[in-house]
Amino acid sequence: MSSSSSSSSSSLTCGRLAIWTIIAVLLQILGLLLFVLGFFPVKPALSGVSGMESYRDPMSSSRKDQEQINHLSQNQLRSLYKDMSKISPTFDRLILMVVDGLPAEFVLGRGDRPPTKAMMEAMPYSQSLLSHGKAIGYHAKAAPPTVTMPRLKAMVSGAIGGFLDVAFNFNSQAFRDDNLLGQLYSIGWKMVMLGDETWIKLFPGLFTRHDGVSSFYVKDTVEVDHNVSRHLGAELTATDWDLLILHYLGLDHVGHIGGRSSILMIPKLKEMDEVIKKIHMSSDLPQDSSNGRTLLMVVSDHGMTENGNHGGSSYEETDSLALFIGIGSKLPDYALATRKTASQVDIAPTLALLFGVPIPKNNIGVLMSEAFDSLADDQKLRALELNSWQLLRLLQAQLPALSCSSYPCDDYDGAQCSGINACKVSIEQRFCCLFSKATTLHSSWTSQKHRTSRSNNSEDARSIVAAYNEFLRTSSEWLSRRATDKPPELLAPGIASMAVSCAMFLFILFCLCKEVYLKENQGLLDCSYKWHLDEVYALVVVVIFVFSMGSSSMVEEEQYIWHFLTSTLYLIFLRKSFQSPSPGAVPSMGNVIKRLKSSNHCPIYSIIFVLICGRILRGWHQGGVNWVHLPDISKWLEQTDPPTIQSFQIVSLLLIIGMSSFNLYLLEPKRRIVLVIQVSLFLSGFLLVMHIMEFQGTVFGQSNYSSTLIAQSIYATIIMTVIVTVLQAPWVTPVSVGDHQVNNESHLVNSASKDMEIRSLLPAVKYSLHLIGLTYTVCWCLLQLLLQQPVNAMPVLLLFFQILGSMFYFSNNETHSKHWVEVAALYFLGMAGHFGLGNSNTLATIDVAGAFIGISSHSTLLSGVLMFIITMASPMLFLLSLVFYISTKDAGYLLLSKNGDLGHLLQMMIGFPCLVPLALNSVMLTAFTIVLFAMRNHLFVWSVFSPKYLYVLATAVCVYVGVFIVAATGIYSCLVIFLRERTLRS
């Protein structure tokens, strides 16, 4: 008796499990916050703005410059800058036309290839400007993340933003760093902005007039550009502005909806070309560039993938455009005029020097030298000198020991100073060597330019330009890498917290496994454990995944890992189904045939069904990075007519509702709530069919009030169905009270009566969770049919079929696997399904278009929630299905417990469905955090590993939410049924 009491007191109770799990979750969240803040810090920036010191040697700048500027009027400051720069401003007005998402490839071609014939015919006027030497085009490489807000900041400040700007892109805040617009405003420029409202949020109060539109309502491809062009005629004739910003969003929206090959792409390019023609031919922009004082600059913030998305670091996404119209090109032919390359940050110093204002203080860009070809050699060298002084000041802020005034340049020859990696001296000496070389040559040329012939001067000037460019490019590359340094004081505690949390999750899960194992074998004295093949392989899956994440190629093509590992695990389940029930029997072809002929062969067919669905999912999307161009089922569907896609959507919808209704029909006993659920599902299905026929039938159709109202009705119906089912199911579930449970004799109130009390609760709890779990699963699938791309309707159905097949197999007692293995299998299916829906580890595959379905006006919060729902559709679906899974399991072994109370019931029912996802997520999260830390200096840290980490964080949030829903649902159902049973007994 004492031994039993001791065992009872030392066992894992429900309260202890919950407390330690919550502590582990909080510790993990703390570690995540520390690591994210350390690894993705807000980029440090020099305070203040550039002023008079920009035109003086960094070694002799006066601290009183800013005080002098504060006492000058705007006109006086403009004249002062003009005198000190010694460069006559080439232009006095600027029209900045931003074509959102326009790849430079559409205008300039790619590599040695010109643009395609269709692209050239779509923009004939722009092509004529390039071919006649009236424009200069650049492939301006954008830094990841390739989303609008950080790219606009880069163009106007010349600085590289932080990687987490991809998150801030959805809620832009005022930009306080030194920037080109602020500098122009300080000398009295009047500014007008038409288009993307991001400009208004970044630069509040700077614009004399503005008319902004939301950049996130991607279903609109017409009005969003018409709202800009309708003001164009009046603004071109107005004389009260110096800077006119036109930000066109329609082309980016066309890409999001239909990709590069959209039928709307060519008409949209023609529309943009007509805008360029209208501006260039206006009276304010003479076609004779030698007399023109207004510069038209056409730029794009980023490119787009073949699917029309962006955010990653592929060539298609980073290939942005910088087209100077109004600057004559001295390049001999069209090919050379279109093959120039630059960085997007180079736009800021180029425009600053062209318009006679200081270069922004945090700029790391290098001026585009071809834009200054019309200047005399001394002015061109002066521009390079000012750019070099600005970068040297930035270097001195990063390297306090850098002091080139006392550096003996003559000790180092040119070969020793060329390039950062070639030098065997300190980093400070390398920069001083390169800077001093350029300034020495410049000083010598200045003193001798009147004594030598013009040809010798030009040749010497070219060598000085080359020396300046070497220093500028070397400094720019070093500063761009320096901007991503990580503080180790936050990284180490963050990793340690996550590691401790991971160890806690694994220990709690081990204790729970031990608890369940002992309960299942109450009469056994031998506590040795025999590992089965599926259990070993489930652990091997985790180990393989952890080690694979150390390879950038494996991260890019992660979908192959999950598809292979998950299908292999289900093949092991299939092998287990073929085996004879008697332990130790060796499977043979004869045994397989006998099993197939027997009446209990449905589990075999269910596993085969899951495998077939998984194989179709594998071929639906050719995900990843390297082979995304290969043909797949989704690409074939996209090339068909809309009615074909509609038929797939409607068939998927009917099968989901039909299978769920059949499941409810088989449920005994029948209750009124079952009918309510069925009616709600049919209503949701009817509304979805209306939405498909009216709106999604035309892939490029415009969102209207009718489609928005239908989508909102679907949201309301689904939400109400879930709420009513969750709240009412435990109250209307039949609860039976046996005669033995109402016996008032005290000697019957013992552990056996408690076991019988739990026996009466189990059917009611399982009935309630079955209704709720099925409602969760079906409603989530219906929601995805509304939000996902139309070609993803069938994958959603396949995921639903995989859930049903898995539940049928796991509910079979003869093929019973350990609970943690079954929950892990569902988790793995969710991860494989994530890639089956077309997702990858690049930000470019995030579906932005679906995040605005049913939203009448832009809302950052609602759009963000919908985007998360779309992206994490499959993992969340399988987490929600765990409620359904609980109801399918035979919990009869609980009745063997001598501590059969409500706490143990909860512990055994929701313990594994909650702990296994948390433990798996913790292992993968901690492992990839360590990998990311180890790869912090890797070439692909920002293009491959960092985007993957954002998906890892999103998966962690998904697990937290899913596990909370599972736990809350189980606890609520058990408590309500327990209270009802007690009420009946009393």
Side-chain angles (χ1 to χ4, degrees), residues 25-45 142-147 149-151 153-154 159-171 173 177 311-313 362 364 398 477-503 545-552 554-556 558 840-844 846 868 871 921-960:
V25 169
L26 295 177
L27 193 59
Q28 187 176 83
I29 293 175
L30 174 63
L32 272 176
L33 290 176
L34 292 175
F35 185 83
V36 168
L37 291 176
F39 198 87
F40 304 105
V42 177
K43 182 186 67 66
T146 46
V147 291
M149 186 268 287
R151 302 283 54 80
K153 287 182 177 180
I160 296 178
F163 188 82
L164 288 186
D165 276 345
V166 68
F168 303 146
N169 183 61
F170 297 99
N171 189 20
Q173 303 294 327
D177 293 352
S313 59
N362 293 287
I364 64 170
Q398 301 284 345
E477 291 173 6
W478 186 86
L479 286 168
S480 64
R481 291 196 297 267
R482 181 77 171 184
T484 57
D485 285 350
K486 302 100 184 162
E489 61 271 11
L490 292 177
L491 300 181
I495 295 175
S497 297
M498 282 186 276
V500 173
S501 174
C502 180
F545 176 80
V546 167
F547 280 97
S548 69
M549 288 300 98
S551 166
S552 61
M554 288 293 191
V555 171
E556 291 178 331
E558 185 184 342
S840 70
N841 286 327
T842 66
L843 301 179
I846 296 177
F868 177 82
T871 306
N921 173 72
S922 180
V923 171
M924 296 174 185
L925 175 64
T926 305
F928 195 77
T929 301
I930 296 173
V931 168
L932 185 62
F933 176 76
M935 299 292 179
R936 62 191 182 278
N937 296 318
H938 194 278
L939 179 63
F940 299 142
V941 63
W942 300 115
S943 59
V944 176
F945 293 102
S946 294
K948 164 62 181 174
Y949 197 68
L950 294 185
Y951 278 100
V952 171
L953 295 180
T955 304
V957 174
C958 179
V959 170
Y960 295 153

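All values below come from the heavy atoms of this structure, side chains included, with hydrogens, waters and symmetry mates left out.
- Annotation: side chain of Glu556 is not in contact with side chain of Asn841 (no heavy-atom distance under 4.5 Å).
- The two residues Ser501 and Leu27 make their nearest non-hydrogen contact at N-CD2, 3.9 Å.
- With sequence neighbours excluded, the residues forming a side-chain contact (heavy atoms from CB on, under 4.5 Å) with Val931 are Phe928, Met935, Phe945, listed by chain and number.
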Show me the donor-acceptor pairs within less than 3.5 Å that the side chains of residues 29-40 make with the rest of the protein, sequence neighbours left out.
none

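- Here CG of Leu950 is found 11.5 Å from OG1 of Thr871. Values are rounded to the nearest 0.5 Å.
- Among residues two or more places apart in sequence or in another chain, the side-chain hydrogen bond (donor to acceptor under 3.5 Å, both in side chains) test is passed with Thr929 by Tyr949.
- Residues forming a side-chain contact (heavy atoms from CB on, under 4.5 Å) with Ala954 (at least two apart in sequence, or on another chain): Phe868, Met872.
- Contacts of Asn921 classified as side-chain hydrogen bond (donor to acceptor under 3.5 Å, both in side chains), with partners at least two apart in sequence or in another chain: none.
- Applying the salt bridge (charged side-chain N to carboxylate O under 4.0 Å, His left out) definition to pairs two or more places apart or across chains, those involving residues 945-954 are Glu558-Lys948.
- Across Met498 and Thr926, no two heavy atoms sit closer than the pair O-OG1, 3.3 Å.
- Ile160 CD1 to Ser480 OG: the interatomic distance, rounded to the nearest 0.5 Å, is 5.0 Å.
- Across every non-hydrogen atom of Ser922 and Cys502, the tightest pair is OG-CA, 3.0 Å.
- The side-chain contact (heavy atoms from CB on, under 4.5 Å) check on Met554 picks up Ser548, Ser551, Ile561, with sequence neighbours excluded.
- Partners of Ser840 by side-chain contact (heavy atoms from CB on, under 4.5 Å), not counting sequence neighbours, listed by chain and number: Thr842, Thr845.
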Steps toward side chain to side chain contact (heavy atoms under 4.5 Å, CB included) verdict (Ile495, Ile930): CA-CA 7 Å; Ile495 295 175; Ile930 296 173; 4.0 Å; yes
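- No side-chain heavy atom of Phe545 sits under 4.5 Å from any side-chain heavy atom of Val923.
- Nearest heavy atoms, Gly311 versus Val147: CA-CG1, 4.2 Å.
- Annotation: the span from Leu26 atom CG to Ser497 atom OG amounts to 11.5 Å, rounded to 0.5 Å.
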